[in-house]
Amino acid sequence: MRRIDPAGAGELRGDIDPVDADGILADVLYMCGLPLSISEGHPLHRRTRPALALALALGGLLFGCGSPPDTHSSQAGEKPFWRAEFDEAQGARPSSRYWKTETGNRDAEGWGNDELQYYTRDAANSATDGSGHLLISARPAPIGSNLPCYTQTSCPWTSARLTTEGKVALTYGRAEIRAKLPTGTGLLPAIWMLGDNGVEWPGQGEIDICEVVGGEPRTVYGTAHGPTYFNENGIGGSITLPGDASRTFHTYAVDKQPRRITWLVDGKPYFTLTPSKLPAERDWVFEQDMHLLLNVAVGGDWPGPPDASTPSPATMVVDYVRFYGKGRV
């Protein structure tokens, strides 16, 4: 199986089985800007798929094709009004000027979804890697930990949940986050926003910029939640990536305009929400400042429990966060 280290430098270990070869091939073709399919008549098609995947992966590493183009919808000369590039030294916690860390589990009632992770301030769960990335890692709890959990006596996992609440918010414009998202049984990484209107959820308003759930490593969900459309009745769409979300950086974005929100991946729009799509137009609650949240959840109502196949650590690798348009810093 192929493993890629969190900083984005590819590393090949062991054999590539035929099942994984298709995913590797799609990833490398995407990273190198090549077509995602190869016709039977193409010279490359004559090679076995595992050998082809290995050759392309090695070629990408040797000749600079290690990550996909940084594609997003920014117009020429457009500058963000706020950005986080995570250029701190290895092991540094995110800047408290812009980020705060939410902790716990039991008092938050399993974070509303019967989740199994206990959020901490530890650098093991959230820190920069010294190469321009923020790492948010879910890990099994240390042996002997007594981390109060909502669904059981002690939480078996730790993780991190970072938010810009009270520090940075988007009013109108675009939020862009370039990241790799961990995939695997029982995982639910999320990049999302909550409203600053002071109303209790779901009237607070929620925009899920992207979520990748459990055993669906190529499916990205974007969803809105409000007073009469929340949980399983949230309104949104989804898009299929060319490969596993944990293997390649993608730019996840929402464009938030008056009475319209559009979800995008790598600059490609895949869903737009307007008040006319709600159960009642009066339930539109997004004409307000909204802050950002980044977290990796484990277990819970949607992804189900982790198992022996769940990666550990399971790490969200964030290259940057950028807000364009109008907001508050």
Side-chain angles (χ1 to χ4, degrees), residues 102 104-115 117 119 150-151 161-166 168-177 181 187-214 216 219-240 252-265 268-297 299-304 323 325-328:
E102 297 183 329
N105 178 290
R106 181 182 293 171
D107 291 344
E109 298 184 349
W111 299 101
N113 300 302
D114 296 329
E115 295 165 8
Q117 78 287 340
Y119 288 130
Y150 183 64
T151 58
R161 171 169 160 145
L162 306 180
T163 172
T164 66
E165 183 180 12
V168 183
L170 178 71
T171 308
Y172 294 115
R174 194 172 62 259
E176 291 185 354
I177 301 89
L181 304 179
L187 296 178
L188 183 57
I191 300 172
W192 51 304
M193 307 184 85
L194 285 172
D196 288 346
N197 58 9
V199 177
E200 185 176 353
W201 192 90
Q204 176 182 19
E206 175 179 329
I207 300 173
D208 298 330
I209 299 174
C210 64
E211 293 178 292
V212 175
V213 60
E216 301 179 53
T219 303
V220 176
Y221 291 94
T223 314
H225 302 268
T228 56
Y229 47 99
F230 56 91
N231 292 338
E232 66 273 13
N233 295 316
I235 301 172
S238 65
I239 188 171
T240 301
Y252 303 99
V254 290
D255 185 23
K256 180 178 176 290
Q257 300 298 335
R259 300 177 66 81
R260 176 176 58 82
I261 303 168
T262 299
W263 282 256
L264 311 92
V265 172
K268 178 181 178 181
Y270 67 92
F271 181 71
T272 295
L273 181 67
T274 62
S276 64
K277 295 182 179 180
L278 302 183
E281 292 194 21
R282 66 177 179 273
D283 292 329
W284 182 265
V285 291
F286 304 106
E287 307 304 310
Q288 59 166 317
D289 289 354
M290 302 192 75
H291 60 270
L292 183 71
L293 300 95
L294 308 172
N295 69 281
V296 178
D301 301 332
W302 191 8
F323 284 4
K326 177 184 177 182
R328 173 175 49 82

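All heavy atoms count here, side chains included; hydrogens, waters and symmetry mates do not.
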Closest approach of [X] and [Y], non-hydrogen atoms and distance?
X	Y	result
Y221	Y270	C-OH, 3.9 Å
F323	A175	CE1-CB, 3.6 Å
T272	K277	O-NZ, 2.5 Å
S238	T219	CB-CG2, 4.1 Å
T171	G327	OG1-CA, 3.6 Å

Is [Y] close to [X] at the side-chain level, that is, under 4.5 Å between some pair of heavy atoms?
X	Y	answer
H291	T163	yes
E211	L188	yes
L187	L181	no

Is it the case that atom NZ in K268 sees more than 12 heavy atoms from other parts of the structure closer than 6.0 Å? no

Hey, what do you get for [atom1] ([X]) to [atom2] ([Y]), rounding to the nearest 0.5 Å?
X	Y	atom1	atom2	result
L273	R260	CG	CZ	11.0 Å
T228	I235	OG1	CD1	7.0 Å
L194	T164	CG	OG1	9.5 Å
I261	M193	CD1	CE	9.5 Å
D289	R328	CG	CZ	5.0 Å
E109	T151	CD	OG1	12.0 Å

Can W192 and T223 be said to form a side chain to side chain contact (heavy atoms under 4.5 Å, CB included), step by step? CA-CA 9 Å; W192 51 304; T223 314; over 6 Å; no

Please assess V285 against V199 for the test side chain to side chain contact (heavy atoms under 4.5 Å, CB included), listing each intermediate value before the final yes or no. CA-CA 10 Å; V285 291; V199 177; over 6 Å; no

Indicate yes or no for a side-chain donor-acceptor contact from [X] to the backbone of [Y] under 3.5 Å, with no hydrogens or angles considered.
X	Y	result
N113	W111	yes
K256	F286	yes
Q117	A297	no
K326	G173	no

For R174 and D255, what are the C-alpha separation, side-chain angles and deciding distance, and is it a side chain to side chain contact (heavy atoms under 4.5 Å, CB included)? CA-CA 4 Å; R174 194 172 62 259; D255 185 23; 4.2 Å; yes

Side chains of residues 201-210: which donor-acceptor pairs under 3.5 Å do they make with residues two or more places apart or in other chains?
from, atom 1, to, atom 2, distance (Å)
W201, NE1, E206, OE1, 2.8
Q204, NE2, G195, O, 3.0
D208, OD2, H225, NE2, 3.0

All side-chain contact (heavy atoms from CB on, under 4.5 Å) counterparts of E287, not counting sequence neighbours: Y172, P258, R259, W284

Any donor-acceptor N or O pair under 3.5 Å, side chains D283, Y229: no

Taken in chain and number order and not counting sequence neighbours, the residues that satisfy ring-ring contact (aromatic ring centres under 6.0 Å, His included) with F271 are W263

Show the numbers, then the answer: is there a side chain to side chain contact (heavy atoms under 4.5 Å, CB included) between N105 and Y119? CA-CA 7 Å; N105 178 290; Y119 288 130; over 6 Å; no

